[in-house]
**Student:** 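Structure in structure tokens, see below.
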Amino acid sequence: MSLVDAATRTGVQDWREAVLTSAQLLVDMGSATQGYPQACVDVVREHGPYIVLTPGLALVHARPESGGVELGVAVLRLDGPVEFGHEANDPVDVLLAFSSPDQSAHVETLSTLARALGTGLADRLREAGSAGRLRQLVTEALDAN
Amino acid sequence: MRQQPLQVLTVCGVGMGSSLMLKMTAEDALRDLNVDAQVECTDVSTARSMTPDVVIGQEMHTQDVPDLAPVVVTVSDFLDRDGLRQQLQEALSEQGWLP
């Protein structure tokens with residue numbers, strides 16, 4: 001069972017702020033350390049904006065040794081998208097951040113999320129009215145496994 | 001020559017998030033094509049020491065390993081099962097690797 005939280009934000013300026021904000025949700029619920037959000041930014045700076053893995057959606061994460069404490073999933077929806085510099089999948093308005101304590105604890109959760117995204121989860125997140133509804137949608141998707 | 005089952009590697013920067021999602025999509029697409037395949041995900045650095053038949057990733061990573069496998073497939077949408085199936089169908093067909 002993974003920890004889940006969600007938020008919506010307006011006025012986020014750029015991809016760095018979006019990544020930091022989504023990963024901070026993981027810190028706030030105790031599933032990642034204080035250094036984890038910056039590690040997530042560093043992944044994009046080092047390896048490019050590949051975490052934007054489908055149009056409009058970024059999978060925010062860093063290595064477990066960068067501060068993963070527990071399995072956690074956080075959703076941030078931006079009411080006003082940001083550009084990551086991805087040539088095909090920009091702009092981004094949904095960020096899914098996750099943390100994992102090791103190389104395997106997250107596999108089942110991410111597999112479940114991949115299936116849910118394949119059946120329209122991202123658009124349901126875009127239509128959700130509140131952070132509470134976002135959290136509910138993700139929790140339901142994870143429980144469906 | 002290819003391995004049996006087909007060895008497929010999905011790559012990304014960290015090797016545990018995006019490439020894992022791509023692995024799920026690739027498994028679905030290969031199942032659609034009735035190809036018996038073993039799909040693993042990893043980061044692009046580790047990938048250099050492996051000998052897969054097929055590599056799949058975003059351009060920013062596949063361009064780093066252009067000669068790693070006989071078939072290198074570049075995708076931008078990691079969740080597009082139909083698109084990946086079409087690309088794999090074309091690429092595997094060229095090699096004579098489709099059942």
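Below, chains carry the letters A, B, ... as their sequence lines are ordered, and counting in each starts from 1. Atom set for the values below is all heavy atoms of this structure, side chains included, hydrogens, waters and symmetry mates excluded. In this text the structure is predicted, and so the values were computed from the model without any measurement.
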**Student:** Less than 4.5 Å apart, any side-chain heavy atom of A/L53 and any of B/D77?
**Tutor:**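 A side-chain contact is absent here, since even the closest heavy-atom pair is not under 4.5 Å.
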**Student:** Is there a donor-acceptor contact under 3.5 Å linking the side chains of B/Q4 and B/R2?
**Tutor:**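 Checked: B/Q4/B/R2 side chains pair up, N/O donor to acceptor below 3.5 Å.
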**Student:** Side-chain contact, heavy-atom cut-off 4.5 Å: A/L125 with A/L137?
**Tutor:**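 Side chain of A/L125 against side chain of A/L137, heavy atoms only: contact under 4.5 Å found.
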**Student:** Would you say A/R77's side chain and A/A128's backbone share a donor-acceptor pair under 3.5 angstrom?
**Tutor:**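 Yes; at least one donor-acceptor contact below 3.5 Å.
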**Student:** Could you state the interatomic distance from CD (B/Q95) to CG (B/L6), rounded to the nearest 0.5 Å?
**Tutor:** 10.0 Å
**Student:** Are the side chain of A/T54 and the backbone of A/L57 linked by a donor-acceptor contact shorter than 3.5 Å?
**Tutor:**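 No, A/T54 side chain to A/L57 backbone: no donor-acceptor pair under 3.5 Å.
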**Student:** Sub-4.5 Å heavy-atom contacts with chain B: which residues of residues 82-106 of chain A show up?
**Tutor:** A/H86, A/E87, A/A88, A/N89, A/F98, A/S100, A/D102, A/Q103, A/H106
**Student:** Which heavy atom of A/V43 sits nearest to which heavy atom of A/H61, and what is that distance?
**Tutor:**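 Result for this residue pair: CG2-O, 3.7 Å.
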**Student:** Please say which of B/D32, B/D28, B/D80, B/T25 ends up in a side-chain hydrogen bond (donor to acceptor under 3.5 Å, both in side chains) with B/R85.
**Tutor:**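 The passing option is B/D32.
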**Student:** About how many Å separate CG of A/L113 and CG of A/L59, when rounded to the nearest 0.5 Å?
**Tutor:** 8.0 Å
**Student:** If you check every heavy atom in residues 55-69 of chain B against those of chain A, which residues fall under 4.5 Å?
**Tutor:**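 The residues closer than 4.5 Å to chain A, in numerical order, are B/Q58, B/E59, B/M60, B/H61.
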**Student:** Relative to chain B, which segment of A/V52 carries a heavy atom at a distance below 4.5 Å: side chain, backbone, both, or neither?
**Tutor:** backbone
**Student:** Would you compute the distance between atom CG of A/D143 and atom CD of A/Q136 and round it to the nearest 0.5 angstrom?
**Tutor:** 11.0 Å
**Student:** Examine whether an atom of B/M24 lies under 4.5 Å from a heavy atom of chain A, and if so say whether it belongs to the side chain, the backbone or both; otherwise answer neither.
**Tutor:**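 The side chain, not the backbone.
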**Student:** Going by residue number, which parts of residues 8-36 of chain A are within reach of chain B, meaning a heavy-atom gap below 4.5 Å?
**Tutor:**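 So far as heavy atoms go, nothing in residues 8-36 of chain A approaches chain B to under 4.5 Å.
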**Student:** Which atom names give the shortest non-hydrogen contact between A/L110 and B/M16, and what distance separates them?
**Tutor:**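 Scanning both residues, the minimum pair turns out to be CD1-O, 3.8 Å.
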**Student:** Testing the 3.5 Å rule here: is there a donor-acceptor pair between the side chains of B/D53 and B/Q3?
**Tutor:**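 There is such a pair between these side chains.
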**Student:** Find out whether B/L9 and B/M50 are in side-chain contact, i.e. whether some heavy atom of one side chain is under 4.5 Å from a heavy atom of the other.
**Tutor:**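 With C-beta onward as the side chain, the pair touches.
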**Student:** If you measure from OH on A/Y50 to OG on B/S19, what distance do you get to the nearest 0.5 Å?
**Tutor:** 7.5 Å
**Student:** Tell me if a side-chain donor or acceptor on A/T112 pairs with a main-chain N or O of A/L142 at a distance below 3.5 Å.
**Tutor:** no
**Student:** Under 4.5 Å heavy-atom distance to chain A, tell me which part of B/L20 shows up: side chain, backbone, both or neither.
**Tutor:**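 Only the side chain of B/L20 comes within 4.5 Å of chain A.
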**Student:** Within residues 36-46 of chain B, which positions have a heavy-atom distance to chain A below 4.5 Å?
**Tutor:** none
**Student:** To the nearest 0.5 Å, tell me how far B/W97 CH2 sits from B/L92 CG.
**Tutor:** 7.5 Å
**Student:** Could you verify whether a donor N or O on one side chain and an acceptor N or O on the other, from A/D42 and A/Q38, lie under 3.5 Å apart?
**Tutor:**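 Looking only at side-chain atoms, A/Q38 and A/D42 do form a donor-acceptor pair, the distance falling under 3.5 Å.
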**Student:** Closest approach of A/A7 and A/L134, non-hydrogen atoms and distance?
**Tutor:**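 What the structure gives for the nearest pair is O-CD1, 3.5 Å.
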